[in-house]
Participant: 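Below you will find the structure I want to go over with you.
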Amino acid sequence: MNIFVVNCGSSSIKYQLFDMADESVRAKGVVERVGSDEALLTHTVGGQKHTRTIVARNHTEGMKYILALLVEPGIGVLASTDEIDAVGHRVVHGGKQMSRTCLIDQGVIDIIRENFVLGPLHNPPNLMGIEAAMTVMPGTPNVAVFDTAFLATLPPKAYRYAVPAEWYTRHHVRRYGFHGTSHRYVSVQTAALLGKPVEQLNVITAHLGNGCSMTAIANGQAVDHSMGMTPLEGLVMGTRSGDIDPAVVFYMTSVGLPPGEVDKALNKSSGLLGLSEFSNDMRDLLTAVEGGNEKARLAVECFVYRIVKYIGAYSTILPSLDAVVFTGGIGENSTPVRGMVVEGLSRLGAKLDVQRNDATLRGVCGPITTPDSALPVWVVPTNEELMIARDTETIVKAL
């Protein structure tokens, strides 16, 4: 079965074509600058990249060009686009209605559109991708995999905010969480690595990249999560502030900053960038720390401190703790950050194995603590696209 996985942004289309017989990637790529006559397409097959400037004034035109490449002699991998059995779509926000992967019909489209207000940056382009796929491949099943779905098992005590009840009942103000597809993939992989049924898995997963989130997973189900109604809450991130006193917003407006500028600053100019004043890239910051840059040092310390604090809190609400699991760009590749976090978890019995930590990079999976560590800490690379492909295959096989 060939599954075509699509992740659409407002001006981009990321894609991968999976052969589910062995879960291999037959082709992948991205179209950037969708909406222009000079969109940039990068298409990779067999490790070889092919770059072209194309006309893609909308997502439908971009999708047509991608499909044409998949069957183009020389770099194509299909004889016909009829060989695509289904299309799996990443959809960020399913609201409170969507708690599982589902076949897309008009009712699902309506729900995605209803949740534009909750996912204004992501749901509209996600829907553009769905409509584009339906236009260029009529009759091919389309499946929606919601980032919020894995986090739908949070209990009310975890997802409700202590605000007037009408805010929740009328305006849907609550914790939703994000990165759910990544956390679910990592939990499934971790259960297999530990030799446990996923239904018995108790872990804390840390997705650390430019965006960062953590999930407490009890018996295979998410019971708490660091992001909130929006991705702004929780950990220190690349450009997002994470947790702050909500009154800071009102204070900054009172001293003259317009509400829109406050929102922009908290999402685009805060986090590692705001603290360091020069970069949101952890690699740049660690290099600067070595050179004695104190602002960079503070940024890294705040980043690590918030992670350790969340792990400490989550460890108290789980029935037991099988492991802490790092994933994401920083989680998978930054040995200094991982080392600092493990050192901060010494009271929970974590013992860093320096050699293991140094060796677990660039897609390598494994523990980074010593064999006698009371708290195992693992690195498990994420693969959201494969999770979407697996879900899509399951739905289509059931049709």
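Just so it is clear, the model here is predicted, and its values are computed rather than measured. In this chain, numbering begins with 1 at the start of the sequence shown.
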Participant: Same cluster for L386 and F4 if Ile/Leu/Val/Met/Phe/Trp/Tyr side chains link at under 4.5 Å?
Facilitator: no
Participant: Side-chain donor-acceptor pairs under 3.5 Å in residues 344-351, sequence neighbours left out?
Facilitator:
residue	atom	partner	partner atom	Å
S346	OG	E343	O	3.3
K351	NZ	D372	OD2	3.4

Participant: How many angstroms lie between NE2 in H179 and OG in S226, if you round to the nearest 0.5 Å?
Facilitator: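 Rounded to the nearest 0.5 Å, the NE2-OG separation comes to 9.0 Å.
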Participant: Can you check whether R57's main-chain N or O pairs, donor with acceptor, with E61's side chain at less than 3.5 Å?
Facilitator: yes
Participant: Ion pair present between K397 and E393, side-chain N to carboxylate O less than 4.0 angstrom?
Facilitator: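 Yes, this pair counts.
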Participant: I'd like to know if V77 and V5 are part of one continuous hydrophobic network [Ile/Leu/Val/Met/Phe/Trp/Tyr, side-chain heavy atoms within less than 4.5 Å].
Facilitator: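 No: no chain of side-chain contacts under 4.5 Å links V5 to V77.
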Participant: With a 4.5 Å cut-off on side-chain heavy atoms, are I307 and K309 touching?
Facilitator: no
Participant: Taking the side chain from N333 and the backbone from R362, do they hold a donor-acceptor pair closer than 3.5 Å?
Facilitator: yes
Participant: Group every Ile, Leu, Val, Met, Phe, Trp and Tyr by side-chain heavy-atom contacts under 4.5 Å, then state whether M128 and V34 land in the same group.
Facilitator: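 M128 and V34: separate clusters.
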Participant: T253 and F250: which non-hydrogen atoms are nearest, and at how many Å?
Facilitator: OG1-O, 2.7 Å
Participant: With the side chain counted from C-beta on, respond yes when L17 and L78 share a heavy-atom pair under 4.5 Å apart, and no when they do not.
Facilitator: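 SC-SC contact between L17 and L78 confirmed.
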Participant: At what distance, to the nearest 0.5 angstrom, does CZ of R240 lie from CG of L235?
Facilitator: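 Between atom CZ of R240 and atom CG of L235 there are 11.0 Å.
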Participant: Does a donor on one side chain sit under 3.5 Å from an acceptor on the other, for E233 and Y161?
Facilitator: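 Distance-only check passes for E233 and Y161.
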Participant: Answer yes or no: does atom NZ of K14 have more than 12 heavy-atom neighbours from other residues, nucleotides or ligands under 6.0 Å?
Facilitator: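 Check fails, neighbour count at 12 or below.
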Participant: Walk me through whether H59 and C8 qualify under side-chain contact (heavy atoms from CB on, under 4.5 Å).
Facilitator: CA-CA 8 Å; H59 286 74; C8 281; 3.7 Å; yes
Participant: What distance separates M252 CE from L257 CG, expressed to the nearest 0.5 Å?
Facilitator: 5.0 Å
Participant: Please report the C-alpha distance between S320 and N202 in whole Å, then the side-chain angles of each, then the deciding distance to 0.1 Å, and finally whether the side-chain hydrogen bond (donor to acceptor under 3.5 Å, both in side chains) criterion is met.
Facilitator: CA-CA 6 Å; S320 61; N202 298 299; 3.1 Å; yes
Participant: For A265, does its backbone N or O pair with a side-chain atom of S270 as donor and acceptor, under 3.5 Å?
Facilitator: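 Here the side-chain-to-backbone pair exists.
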Participant: Give the intermediate values and the outcome of side-chain contact (heavy atoms from CB on, under 4.5 Å) for residues I75 and L69.
Facilitator: CA-CA 7 Å; I75 63 172; L69 273 185; 3.4 Å; yes
Participant: Verify the distance criterion only: is there a donor paired with an acceptor across the side chains of D243 and Y310 at less than 3.5 Å?
Facilitator: yes
Participant: Do you know the tightest heavy-atom contact between A218 and V223?
Facilitator: CB-CG1, 3.9 Å
Participant: On a heavy-atom basis, which atom in D245 and which in A247 lie closest, and how many Å separate them?
Facilitator: OD1-N, 2.9 Å
Participant: Keeping T215 on the side-chain end and I217 on the backbone end, is there a donor-acceptor pair under 3.5 Å?
Facilitator: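 No.
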Participant: Check residues 143-152 and write down every donor-acceptor pair under 3.5 Å in which the side-chain atom is one partner and the other belongs to a residue at least two apart or another chain.
Facilitator:
residue	atom	partner	partner atom	Å
D147	OD1	T181	OG1	3.0
D147	OD2	R90	NE	3.0
D147	OD2	R90	NH2	2.6
T148	OG1	G94	N	3.0

Participant: Sub-3.5 Å donor-acceptor pair from the side chain of R52 to the main-chain atoms of L41, do we have one?
Facilitator: no
Participant: Considering only heavy atoms from C-beta outward, does the side chain of T239 approach that of N267 to under 4.5 Å?
Facilitator: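 They are not in side-chain contact.
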Participant: Under 4.5 Å between any side-chain heavy atoms of V203 and V324, yes or no?
Facilitator: no
Participant: If only side-chain N and O atoms count, and only distance matters, is there a donor-acceptor pair under 3.5 Å linking Q221 with E199?
Facilitator: no
Participant: Closest approach of V186 and V380, non-hydrogen atoms and distance?
Facilitator: CG2-O, 3.9 Å
Participant: Could you walk me through whether N142 and L103 pass the side-chain contact (heavy atoms from CB on, under 4.5 Å) check?
Facilitator: CA-CA 6 Å; N142 285 263; L103 186 70; over 6 Å; no
Participant: Compute whether any side-chain donor of one residue and acceptor of the other, for S213 and H183, lie under 3.5 angstrom apart.
Facilitator: yes
Participant: Can you confirm if the NZ or CZ of R174 lies within 45° of the ring axis of Y168 and under 6.0 Å from the centre of its six-membered ring?
Facilitator: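 No; the conditions do not both hold, so R174 does not lie above the ring face of Y168.
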Participant: Would you say Q48 has more than 12 foreign heavy atoms packed within less than 6.0 Å of its CD?
Facilitator: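 No, the 6.0 Å shell around CD holds no more than 12 heavy atoms from other groups.
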Participant: Is a donor from one side chain sitting under 3.5 angstrom from an acceptor on the other, for S182 and T382?
Facilitator: yes
Participant: Once rounded to the nearest 0.5 Å, what's the spacing between atom CG of L232 and atom CG of D263?
Facilitator: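 Here the rounded value is 7.5 Å.
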Participant: Does H93 use its side chain to pair, donor to acceptor, with the backbone of G95 at less than 3.5 Å?
Facilitator: yes
Participant: So, R283 and E290, do they make that salt bridge, N to O below 4.0 Å?
Facilitator: no
Participant: Side-chain heavy atoms nearer than 4.5 Å, only ILVMFWY residues, links allowed to pass through others: does that put M340 and I368 together?
Facilitator: yes
Participant: H43 and Y65: side-chain donor and acceptor closer than 3.5 Å?
Facilitator: no
Participant: Does the side chain of N280 come under 3.5 Å of the side chain of N210 through a donor N or O and an acceptor N or O?
Facilitator: yes
Participant: Kindly compute the distance separating CE (M137) from NZ (K64), expressed to the nearest 0.5 Å.
Facilitator: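 M137 CE to K64 NZ: 12.0 Å, rounded to 0.5 Å.
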Participant: Are any side-chain N or O atoms of S315 and backbone N or O atoms of G312, one a donor and one an acceptor, separated by less than 3.5 Å?
Facilitator: yes
Participant: Do V87 and M387 land in one hydrophobic cluster if side-chain heavy atoms of ILVMFWY residues count as linked below 4.5 Å?
Facilitator: no
Participant: As an exercise, state the distance from CD of E23 to CG of D19, rounded to the nearest 0.5 Å.
Facilitator: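 The distance works out to 10.0 Å.
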Participant: How far apart are the C-alpha atoms of E32 and S11, what are their side-chain angles, what is the distance that settles it, and do they pass the side-chain hydrogen bond (donor to acceptor under 3.5 Å, both in side chains) test?
Facilitator: CA-CA 6 Å; E32 300 170 282; S11 61; over 6 Å; no
Participant: Counting only N and O atoms by type, is there a donor-acceptor contact under 3.5 Å from the side chain of D322 to the main-chain atoms of L201?
Facilitator: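 Not a single qualifying donor-acceptor pair exists.
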Participant: Among residues at least two apart in sequence or on other chains, which ones pass side-chain contact (heavy atoms from CB on, under 4.5 Å) with H171?
Facilitator: V173
Participant: Among I330, L285, L275, exactly one meets side-chain contact (heavy atoms from CB on, under 4.5 Å) together with F303. Which residue is that?
Facilitator: I330
Participant: Do T370 and D353 have side-chain atoms, one donor and one acceptor, less than 3.5 Å apart?
Facilitator: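 Not at all, the side chains of T370 and D353 share no donor-acceptor pair under 3.5 Å.
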Participant: When you look at I204 and L318, which way does the side-chain contact (heavy atoms from CB on, under 4.5 Å) test go after all the steps?
Facilitator: CA-CA 9 Å; I204 298 169; L318 294 175; 3.8 Å; yes
Participant: Could you tell me whether E384 and R390 make a salt bridge, using a distance below 4.0 angstrom between a side-chain N and a carboxylate O?
Facilitator: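 No salt bridge links E384 with R390.
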Participant: Which heavy atom of G242 sits nearest a heavy atom of R306, and at what distance?
Facilitator: C-NH1, 3.9 Å
Participant: Provide the closest heavy-atom pair for V71 versus T81 in the form atom of the first, atom of the second, distance.
Facilitator: CG1-N, 3.7 Å
Participant: Is it the case that the side chain of D37 and the backbone of V55 share a donor-acceptor pair, with hydrogens and angles ignored and the cut-off at 3.5 Å?
Facilitator: no
Participant: Check R297 with E294, please: is the shortest side-chain N to carboxylate O separation under 4.0 Å?
Facilitator: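 Yes, charged N to carboxylate O under 4.0 Å.
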Participant: So, F178 versus H225, ring centres under 6.0 angstrom or not?
Facilitator: no
Participant: Counting only N and O atoms by type, is there a donor-acceptor contact under 3.5 Å from the side chain of S276 to the main-chain atoms of S279?
Facilitator: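 A pair under 3.5 Å: yes.
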